[in-house]
J.: 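Following this message is one structure expressed as structure tokens.
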Amino acid sequence: MSMPQVDYKESELYRIRHSAAHVMAQAVMEMFPGQARIAIGPPIDDGFYYDFELPRALTPEDLQAIEARMREIIAEDHAFERQALTGDEARRLFADQPYKLELIAGLEAGGQDEYGAEIAGKPEISIYRDGAFTDLCRGPHVERTGMINPSAIKLMGTSGAYWRGDEKNPMLQRIYGTAWKTAEELEQYVWRQEEARKRDHRKLGRELDLFSVSEEIGAGLILWHPKGGMLRKVAEDYCREEHERGGYQFVYSPHIGRAALWEISGHLGWYQENMYAPLDIEGQAYYLKPMNCPFHIQIYKSRTRSYRDLPLRFAEWGTVYRYERSGVLHGLMRVRGFTQDDAHLFCRPDQMPDEIDRVLAFSLNILRAFGFRDFQCYLSTMNPKKAAGTPEQWEAPTEALRMALERAEMPYRIDEGEATFYGPKIDIKVNDAIGREWQLSTIQFDFNLPERFNLSYVGEDGQEHRPYMVHRALMGSMERFMGVLIEHYAGAFPAWLAPLQAMVIPIADRHVEYARQTAARLKEAGLRVEVDERNERMNAKIRDAQMQKVPYMLVVGDKEAESGQVALRLRSGDNPGAMPLEAFLARAQEEVAARR
RNA sequence: GCCACCAUAGCUCAGCUGGCAGAGCGGGCGUUUCGUAAACGUCAGGUCGUGGGUUCGAAUCCCACUGGUGGCUCCA
């Protein structure tokens, strides 16, 4: 969905959208003569926006009026004219536009463009004029407003947005719009939005009875219903087996720990804003865990470790609680309590490269099993404002992660300053079926905790040495992973994951007994199967199974009961028809085993 | 947390400028026993998110809180 930035910035579409932003700003200025303050209005992935300070909040009706006026301005076909100015000239021109004045000052100071992005040297100050509207802008634009297709633009909505993205600044009103070359492209875009809405995990979660959130329990806290619970169990069981094969050992740890633990780990120093207020237990402060690492470290420390013991890989489906501001909560994707498929690797320095290689391959392998094909890797580097240790300490581990990515021949991007406080990390994001990117796996180097907890192992030389430590979560949070999975498959899970794999549909009451026998045989063979014994017509049962996205529908009537067959229907609508029960079973088992 | 909007039956939603709380689906019961996406009939379901206020009278107007939606900021 996201196209290469460089190409996009030079594309005609980019100029169209940038120009549409100007046209929209003009329409808004006219709506509030002398009262509208304009900030910035760049093109974005699928359109554009413009930020304003206005005397009142915009309504949906305003958007309609603005959109209508935009079409008029386009029809007036004004030419876009560029003009270079001195700082003083620009200041005179925008004397009543405080945000523009701030931008002009920034441009004069040099080092960054009007969006705050770093650039070399001092940019030329320029304006673009189209008819009655003039904006501080470096361009580029289309030549005339008439080159914007009036039937390929649409205003999408409003939102609040902080000036320059800083929450200490005043909040402006942002209007989002989309613009394309043709009406058909706009239509396709609107259609894609609808598709995304259709596979929204919150909607499917209710329709397929997978999970819910209860107001009584609290925001951002998930209840897994039996169907969702099965989905999650199947995913977890598979991963547990893989972990066991991959040399991990399973551990369990409590949900709370004493303040001193979090003091030593550094969480109270670096991470407190994400932690809940302490519980008082007999005068001692305990904190709900936001991470599992200090617990696994205590397990490591429970005895003397020899170099022969390493690497140690402690895995736990650990439920953690993190404070999230109410406005950011979102279905399963952003919650306050979630379970990580967490593990901590402890190894000798000489084992580190191999461990990183292994965990990277392991992670991709698991993600592929769940049907993800496209991955984006990110290497997050030190954030000097939020980092334990010195830049020198960060250098080697950052390089180690980079080398692992190189060895794996994974293309990656650098996320400057996005590391955790305790070390650099590799994040793996996956692209789902409709191209959206989701952050799942994270592999984090940690040189901080072994130090703080004074971890050691006895080396070959009989001396104490400091082990290296890596945190990693592959599915990340089970909640988010399930959410991504729901949207990726639009609720139609492959048979191996589907909570209910087969629905047996007796045509009339006299077929119920045979249906039950059929179900019993399939259950015995390990399939998740139910019989729809309701007093409904076959058509209704098929429709319901279809809407529940059950992979296999097995219709049984007189013919099947007599011959020991089942009539298979797939949710795709395909109808392979009658076949011996054992033939269906073999087919289903094969598909489940292949995780198709 | 901030900006805007929203909250009526399990779900989706109607309910006008304040005057008797509704529909479809779903659920219960009955009839029907049916061959690949909705049989028919009948019954039950609501302190109109919560608390306060205005008013003769509030689902409807005002305030606060809770929860949600789209963004911003932040992030697994």
Side-chain angles (χ1 to χ4, degrees), chain A residues 49 51 54 56-60 62-63 156-176 197 200 202-203 206-207 209 212-220 273-274 290-291 320 322-342 418 420 425 427-429 438-442 444 471-481 483-484 505-512 534-548 553-560 567-571 573-578:
Chain A
Y49 68 79
D51 288 345
L54 301 172
R56 64 170 174 84
L58 290 165
T59 65
D62 291 333
L63 282 198
M156 304 301 288
T158 60
S159 89
Y162 300 108
W163 167 236
R164 300 210 138 162
D166 187 334
E167 63 184 349
K168 289 179 199 74
N169 287 336
M171 186 162 264
L172 307 173
Q173 293 192 64
R174 174 171 297 177
I175 305 177
Y176 282 98
R197 254 195 301 281
D200 188 317
R202 293 164 301 183
K203 178 172 132 69
R206 190 171 44 242
E207 288 172 1
D209 199 17
S212 64
V213 182
S214 153
E215 190 177 326
E216 279 71 28
I217 292 171
E273 57 184 27
N274 293 293
M291 295 188 195
V320 298
R322 298 183 187 174
Y323 169 68
E324 298 286 355
R325 309 207 296 182
S326 54
V328 308
L329 300 174
H330 180 88
L332 297 174
M333 303 300 190
R334 201 68 186 278
V335 294
R336 284 178 172 159
F338 58 97
T339 302
Q340 297 178 303
D341 62 325
D342 207 0
E418 292 301 313
T420 63
K425 61 173 179 171
D427 285 333
I428 303 174
K429 301 187 187 181
W438 300 97
Q439 151 97 59
L440 297 175
S441 306
T442 183
Q444 311 178 336
H471 309 240
R472 43 111 291 183
L474 306 187
M475 294 183 272
S477 120
M478 292 310 297
E479 282 71 12
R480 172 177 293 179
F481 191 74
V484 173
I505 298 175
I507 291 177
D509 285 352
R510 65 177 178 280
H511 307 124
V512 166
R534 293 174 308 158
N535 179 12
E536 286 289 351
R537 292 167 70 222
M538 178 201 65
N539 286 300
K541 294 180 184 178
I542 286 178
R543 178 182 145 88
D544 289 345
Q546 194 80 46
M547 294 206 304
Q548 285 298 303
M553 284 161 263
L554 305 174
V555 177
V556 296
D558 289 333
K559 278 184 286 184
E560 289 75 18
L568 175 62
R569 179 195 161 104
L570 305 175
R571 65 186 160 195
D574 287 351
N575 199 345

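Letters A, B, ... are given to chains in the order of the sequence lines, protein chains preceding strands, and every chain is numbered from 1. Model, not experiment: these values are computed from the prediction.
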J.: What is the 5' to 3' range of RNA chain B, first to last nucleotide, that sits under 4.0 Å from any heavy atom of chain A?
T.: G1(B) to A76(B)
J.: Touch check for Lys541(A), heavy atoms < 4.0 angstrom, all strands: base, sugar-phosphate only, or nothing?
T.: nothing
J.: With sequence neighbours left out, write down each residue that passes side-chain contact (heavy atoms from CB on, under 4.5 Å) with Lys203(A), or none if nothing qualifies.
T.: Asp200(A), Glu207(A)
J.: I want to confirm an ordering. Mapping Tyr162(A) and Ile507(A) to their closest nucleotides on RNA chain B, which one lands closer to the 5' end?
T.: Tyr162(A)
J.: Using salt bridge (Lys or Arg N to Asp or Glu O under 4.0 Å) as the criterion, list what pairs up with Glu560(A), not counting sequence neighbours.
T.: none
J.: Hey, does Gln340(A) reach any base, or is it just sugar-phosphate, or nothing, if we go heavy atoms under 4.0 Å?
T.: nothing
J.: Taking any heavy-atom pair under 4.0 Å as a contact, classify His511(A): base, sugar-phosphate, or nothing.
T.: nothing
J.: So do the side chains of Met478(A) and Leu332(A) get within less than 4.5 Å of each other, counting heavy atoms only?
T.: no
J.: Syn or anti for G45(B), please, going by whether the chi angle lies within 90° of 0.
T.: syn
J.: When the P atoms of G49(B) and U60(B) are considered, how many whole Å apart are they?
T.: 8 Å
J.: Both distances below 3.5 Å, Watson-Crick or wobble geometry, any strand: find the nucleotide opposite C40(B).
T.: G30(B)
J.: Would a distance-only check, ignoring hydrogens and angles, find a side-chain to backbone donor-acceptor pair under 3.5 Å from Gln173(A) to Arg56(A)?
T.: yes
J.: Counting only Watson-Crick pairs (N1-N3 plus N6-O4 or O6-N4) and G-U wobbles (N1-O2, O6-N3), all under 3.5 Å, who is the partner of U55(B)?
T.: none
J.: Give a yes or no on whether the backbone of Ser159(A) and the side-chain of Arg174(A) come within a donor-acceptor separation of less than 3.5 Å.
T.: no
J.: Students often get this wrong, so: under 4.0 angstrom with heavy atoms, is Ser326(A) touching a base, only sugar-phosphate, or nothing?
T.: base
J.: Taking any heavy-atom pair under 4.0 Å as a contact, classify Ala219(A): base, sugar-phosphate, or nothing.
T.: sugar-phosphate
J.: Taking atom P in both A59(B) and G18(B), compute the distance separating them and give it to the nearest angstrom.
T.: 13 Å
J.: At under 4.0 Å between heavy atoms, what does Ala508(A) touch on the DNA or RNA strands: base, sugar-phosphate, or nothing?
T.: base
J.: Quick one: look up who G18(B) pairs with, Watson-Crick or G-U, both distances under 3.5 Å, and put none if it's unpaired.
T.: none
J.: Looking only at atom C1', what distance separates G15(B) and G71(B), rounded to whole Å?
T.: 31 Å
J.: Could you measure between the two C1' atoms, the one in C13(B) and the one in G46(B), and give it in whole Å?
T.: 15 Å
J.: With a non-hydrogen cut-off below 4.0 angstrom, is Glu324(A) in contact with a base, only sugar-phosphate, or nothing?
T.: base
J.: Taking U33(B) as the reference, what is the distance to A44(B) when you measure between their C1' atoms (whole Å, please)?
T.: 27 Å
J.: Using purine N1 to pyrimidine N3 plus N6-O4 or O6-N4 for Watson-Crick, or N1-O2 and O6-N3 for G-U wobble, both under 3.5 Å, which nucleotide pairs with A23(B)?
T.: U12(B)
J.: So, the side chain of Gln546(A) versus the backbone of Gln548(A): is there a donor-acceptor pair under 3.5 Å, distance only?
T.: no
J.: For a quick check of understanding: with a heavy-atom distance under 4.0 Å over all strands, which category does Asp509(A) fall into, base, sugar-phosphate or nothing?
T.: base
J.: Taking atom P in both A4(B) and C65(B), compute the distance separating them and give it to the nearest angstrom.
T.: 14 Å
J.: What's Lys425(A) touching, base or sugar-phosphate or nothing? Going by heavy atoms closer than 4.0 Å.
T.: sugar-phosphate
J.: With a 4.0 Å cut-off on heavy atoms, is Ala567(A) in touch with a base, just the backbone sugar-phosphate, or nothing at all?
T.: base
J.: Determine the contact category for Arg197(A): base if any of its heavy atoms lies under 4.0 Å from a base atom, sugar-phosphate if only primed atoms, P, OP1 or OP2 are that close, otherwise nothing.
T.: nothing
J.: I need the minimum non-hydrogen distance between Arg334(A) and Glu324(A), along with the two atoms involved.
T.: NH2-OE1, 2.7 Å
J.: Given that Glu167(A) and Arg537(A) both sit by RNA chain B, which one's nearest nucleotide is further toward the 5' end?
T.: Arg537(A)
J.: Show the numbers, then the answer: is there a salt bridge (Lys or Arg N to Asp or Glu O under 4.0 Å) between Arg325(A) and Glu167(A)?
T.: CA-CA 13 Å; Arg325(A) 309 207 296 182; Glu167(A) 63 184 349; 2.5 Å; yes
J.: Answer with base, sugar-phosphate or nothing: what part of the nucleic acid does Val320(A) contact at a heavy-atom distance below 4.0 Å?
T.: nothing
J.: Which nucleotide, in any strand shown, forms a Watson-Crick or G-U wobble pair with C48(B), with both distances under 3.5 Å?
T.: none
J.: Considering only the C1' atoms, how many Å lie between U47(B) and C34(B), rounded to the nearest integer?
T.: 45 Å
J.: Is A7(B) paired to anything, Watson-Crick or G-U wobble with both distances less than 3.5 Å, and if yes, which nucleotide?
T.: U66(B)
J.: Contact class for Glu560(A) (heavy atom, under 4.0 Å): base, sugar-phosphate, or nothing?
T.: base
J.: Sort out the partner of C2(B) for me: Watson-Crick or G-U wobble, both distances under 3.5 Å, none otherwise.
T.: G71(B)
J.: Could you tell me whether Asp427(A) and Lys425(A) make a salt bridge, using a distance below 4.0 angstrom between a side-chain N and a carboxylate O?
T.: yes
J.: Report the C-alpha distance between Met333(A) and Val484(A) in whole Å, list the side-chain angles of each, state the deciding distance to 0.1 Å, and finish with yes or no for side-chain contact (heavy atoms from CB on, under 4.5 Å).
T.: CA-CA 8 Å; Met333(A) 303 300 190; Val484(A) 173; 4.1 Å; yes
J.: If the P atom of C61(B) is compared with that of C40(B), how far apart are they to the nearest Å?
T.: 39 Å
J.: Using a heavy-atom cut-off of under 4.0 Å over every strand shown, decide if Phe481(A) touches base, sugar-phosphate, or nothing.
T.: nothing
